[in-house]
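Everything on this sheet refers to the single structure shown next.
From a predicted model like this one, the values you see are computed outputs, not experimental measurements.
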Amino acid sequence: MNIYIGENIKRLRLNRQITQQELEDEITSIAQEIAQGAYALRKHLSDAEIEEMIAPYTKERLWNSEQATQNLRQIQQYQHKTADFSKNLLKVAKNIQEDDTKASKELFKY
């Protein structure tokens, strides 16, 4: 069943960049499909056996909301740091260009 989950997520990522909410919704859907499939076996298994079989595949076990929130915070921090770094690089490039222009004027003044 883990292969099934991985394939669905891989399919989503290949099609386009997905949002965290879409990924969470897909995990919920997969967990529900697993439960529905398992309960279809009711005539062959007891409820306890079914519960034991699907226990690792509940949304609560497959999705950690706290971790997802932390991941989003880290992404936002990284985006801010990257933006700041880019601004600083532009300033440095501008300063280098200005210094180069001044130096060339001094060098070729005569």
Residues pairing under salt bridge (charged side-chain N to carboxylate O under 4.0 Å, His left out) where one sits in residues 35-45, two or more places apart or in two chains, turn out to be Arg42-Asp47
Which pairs of donor and acceptor atoms, one on a side chain in residues 89-97, lie under 3.5 Å apart (sequence neighbours left out)?
{"residue": "Asn95", "atom": "ND2", "partner": "Lys91", "partner atom": "O", "Å": "3.4"}

With sequence neighbours left out, what residues match Glu52 under side-chain contact (heavy atoms from CB on, under 4.5 Å)?
none
Got a sec, which residues hit side-chain contact (heavy atoms from CB on, under 4.5 Å) with Gln21, two or more places apart in sequence or on another chain?
Thr19, Glu24, Asp25
Nearest heavy-atom pair of Ala55 and Arg61: which atoms, and what distance?
O-CD, 3.2 Å
Considering all heavy atoms, the nearest Ile34-Tyr57 contact:
CD1-CB, 3.7 Å
If you group Ile, Leu, Val, Met, Phe, Trp and Tyr by side-chain heavy-atom gaps below 4.5 Å, do Ile30 and Leu41 land in one group?
yes
Pairs in or reaching into residues 69-84: which pass side chain to side chain donor-acceptor pair (under 3.5 Å), with residues at least two apart or in two chains?
Gln67-Asn71
Glu66 atom CD, over 12 foreign heavy atoms within 6.0 Å
no
Closest non-hydrogen contact found for Ala31 with Thr58 is CB-C, 4.1 Å
Do you reckon Leu23 sits in the same ILVMFWY cluster as Leu72, going by side-chain contacts under 4.5 Å, direct or chained?
no
Test side-chain contact (heavy atoms from CB on, under 4.5 Å) applied to Glu49 - qualifying residues, sequence neighbours left out:
Leu45, Ser46
